[in-house]
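What follows is a set of notes on a single structure, which appears directly below.
Note that the coordinates shown come from a computational prediction; the quantities given were computed from them, not determined experimentally. No hydrogens, no waters, no symmetry mates; every other heavy atom, side chains included, goes into these values. All residue numbers refer to positions in the sequence shown, counting from 1.
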Amino acid sequence: MIKIYKYGEVAPEEIFARVTPTMNVEGIVADILADVKTNGDKALKAYAEKFDGVVLDTLEVSKEEIEKAYNNADPAFVAILEEAAKNIRAFHQKQVRDGLKIEKANGVVIGQKITPIEKVGLYVPGGTAAYPSTVLMDAIPAKIAGCREIVIVTPTKSGDINPDILTAAKVAGVDRIFKVGGAQAVGALAYGTESIPKVDKIVGPGNAFVAEAKKQVFGVVSIDMIAGPSEILVVADNTNNPTHIAADLLSQAEHDKMASAVLVTDSMEFAQAVSSALEEQIPNLLRSEIARKSIDDNGKIIVAENLLSAIDIANEIAPEHLELCVDNPFDYLENVMHAGSIFMGKYCPEALGDYFAGPNHTLPTSGTARFSSPLSVDDFVKKSQFTYYTKEALEEVAEKISVFANREGLQAHAKSATIRFEKEE
């Protein structure tokens, strides 16, 4: 049963305790990455047999397989994918930024050039569940940014990829798909193998092994973030229907036994009603065992003095998903400082963001919303600066550059500015 705390009556460390993985995977992942770096496709096929129980002749999904999955897909589901993709494109298109150029009267030109990252790898989970939604959320911003090659890696248990993932990849415009998952897939994208191209950036969620692998290859390639277990925090008052709020909490609890579902409310009576609703709903879930473990171990209800205090608590936790289940939610939006994605009002469940509304569902977890952001078009571009000075413009500031450089003890820096104006002997 979910724990209920009254804020101010228990220690803050208990209120704000975070879920921490207990499995130490660092050494295991390091060995896998080294193996993939050295042995390439041979290592990937061996891990597919060892971990997934499948013997793979080839690692890449053929164009024919993708077309077949798309053509055989339920037309109603394809229509939903297309509509969701349209919403995602519309939102992310607004994130596109131009470079900048500043021209001064003396001929100086300075600016910034924005360039797409050339090759990106998308990790799409396919273990306990397959996520075509992740394909759309990760591939569409990359496509909008102008990335030249977009590659998916995703695990297989049967030798085939879930057809919903292939269909979503077709809708999103993915270039290549490989039947590889786990830390070994991250290694393949980072180092390249005979079949899988080395990419410049890896994005997408995964389990503890995937997250650790991304952490270890950072620097060889760029990554989006180190994603932890899923989180939801709901701020709700007693004007809500407790069964609705319980369902929202379970929408994340069913993801993973390590997932965190938190309600912050200003009513003890409402807290108890939500607790009862959870107990009614959990047994009816297909993933009830996972949800049960998540709610019992990591779930909590915090009873605050009022809604503003509830939002202060939410800011301290900095959740991945924050629902403001209140009337007039825009009155409270400015008070929210730390959250990955914010869902406003009583008819905006977090699942809207997972699938359909348009904002991205790849989000910062584990409190990192205090300093990081949802996946966006910005994650798929890089910025270069440029500077142009005329001879006359440099001559005006050369001595100032020299003074600055000499203050730092960098004589060659100073000389490089002044030497252009020294008289030849």
Side-chain angles (χ1 to χ4, degrees), residues 17-56 59 119-131 134 138 151-157 178-231 255-260 289-290 293-294 297-298 320 362-368 371-372 375:
R18 290 201 173 277
V19 180
T20 53
T22 55
M23 189 188 319
N24 185 0
V25 300
E26 185 176 347
I28 297 170
V29 168
D31 290 343
I32 291 172
L33 293 176
D35 190 10
V36 171
K37 186 176 182 180
T38 301
N39 297 306
D41 284 358
K42 181 181 177 182
L44 297 178
K45 291 176 179 178
Y47 288 124
E49 186 170 2
K50 178 180 179 180
F51 296 137
D52 301 322
V54 61
V55 177
L56 297 175
L59 299 176
K119 296 182 180 181
V120 296
L122 316 180
Y123 189 95
V124 178
T128 59
Y131 299 111
T134 296
D138 291 358
V151 176
I152 280 178
V153 290
T154 189
T156 175
K157 295 289 186 183
F178 294 91
K179 306 173 183 179
V180 183
Q184 59 271 26
V186 175
L189 291 172
Y191 306 123
T193 72
E194 298 90 332
S195 298
I196 300 178
K198 171 179 168 51
V199 301
D200 302 306
K201 186 164 188 174
I202 301 171
V203 309
N207 63 19
F209 292 91
V210 171
E212 177 61 29
K214 286 170 69 177
K215 183 178 178 181
Q216 291 190 25
V217 300
F218 176 65
V220 177
V221 293
S222 179
I223 62 171
D224 53 346
M225 62 188 79
I226 307 295
S230 299
E231 305 166 344
H255 260 303
D256 185 342
K257 292 178 181 179
M258 298 288 288
S260 168
E289 183 184 352
I290 293 171
K293 183 74 172 170
S294 169
D297 290 358
N298 312 315
E320 177 187 17
T362 300
L363 303 167
T365 62
S366 305
T368 60
F371 53 80
S372 57
L375 192 75

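Residue Arg18 holds its CZ atom at 8.0 Å from OG of Ser260, rounded to the nearest 0.5 Å. To the nearest 0.5 angstrom, Leu375 atom CG is 5.5 Å from Asp138 atom CG. To the nearest 0.5 Å, atoms CG (Leu122) and CD1 (Ile152) are separated by 5.5 Å.
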*Verify side-chain contact (heavy atoms from CB on, under 4.5 Å) between Thr154 and Tyr131, making sure each step is shown before the conclusion.*
CA-CA 10 Å; Thr154 189; Tyr131 299 111; over 6 Å; no
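The side-chain hydrogen bond (donor to acceptor under 3.5 Å, both in side chains) test applied to Thr365 returns no partner, not counting sequence neighbours. Contacts of Ala188 classified as side chain to side chain contact (heavy atoms under 4.5 Å, CB included), with partners at least two apart in sequence or in another chain: Val36, Leu44, Thr193, Ile196. With sequence neighbours excluded, no residue forms a salt bridge (charged side-chain N to carboxylate O under 4.0 Å, His left out) with Glu320. Applying the side chain to side chain contact (heavy atoms under 4.5 Å, CB included) test to Ala211 and every residue at least two apart in sequence or in another chain returns Ile226. Glu49 meets the side chain to side chain contact (heavy atoms under 4.5 Å, CB included) test with Val55; sequence neighbours excluded. Contacts of Val29 classified as side chain to side chain contact (heavy atoms under 4.5 Å, CB included), with partners at least two apart in sequence or in another chain: Val25, Leu33, Ala183, Phe209, Glu212, Ala213, Gln216. In this structure Glu289 satisfies the salt bridge (charged side-chain N to carboxylate O under 4.0 Å, His left out) test together with Lys257, sequence neighbours excluded. Annotation: ring-ring contact (aromatic ring centres under 6.0 Å, His included) contacts of Phe178 (sequence neighbours excluded): none.
Among residue pairs with one or both ends in residues 32-45, none qualify as salt bridge (Lys or Arg N to Asp or Glu O under 4.0 Å); sequence neighbours excluded. The ring-ring contact (aromatic ring centres under 6.0 Å, His included) pairs that include a residue from residues 25-53 are Tyr47-Phe51, where partners are two or more places apart or lie in different chains. Contacts classified as salt bridge (Lys or Arg N to Asp or Glu O under 4.0 Å) and involving residues 181-208 (residues at least two apart or in different chains) are given here: Lys201-Asp379. For residues 213-230, every residue pair satisfying the salt bridge (Lys or Arg N to Asp or Glu O under 4.0 Å) rule, not counting sequence neighbours, is listed here: Lys214-Asp224.
Heavy atoms only, all atoms of each residue included: Ala48 and Leu56 are closest at CB-CD1, 3.8 Å. Closest approach of Asn298 to Ala259, counting heavy atoms only: ND2-O, 3.1 Å. The two residues Ala190 and Val220 have their closest heavy-atom pair at O-CG1, 3.6 Å. In terms of heavy-atom proximity, Pro155 sits nearest to Asp52 at CB-OD2, 4.5 Å. Nearest heavy-atom pair across Pro205 and Thr134 is CD-CG2, 3.8 Å. The minimum heavy-atom distance linking Gly182 with Tyr123 is given by the pair N-OH, 2.8 Å.
Contact of the His255 side chain with the Pro229 side chain is not registered, since no non-hydrogen atoms from C-beta on lie closer than 4.5 Å. No side-chain heavy atom of Val199 sits less than 4.5 Å from a side-chain heavy atom of Val120. You'll find the side chain of Leu189 reaches within 4.5 Å of the side chain of Val151, heavy atoms only.
Of the possible polar contacts, one joining the Glu231 side chain to the Ser366 backbone as a donor-acceptor pair under 3.5 Å is found. Listed for the Thr38 side chain is a donor-acceptor partner under 3.5 Å among the backbone atoms of Ala34.
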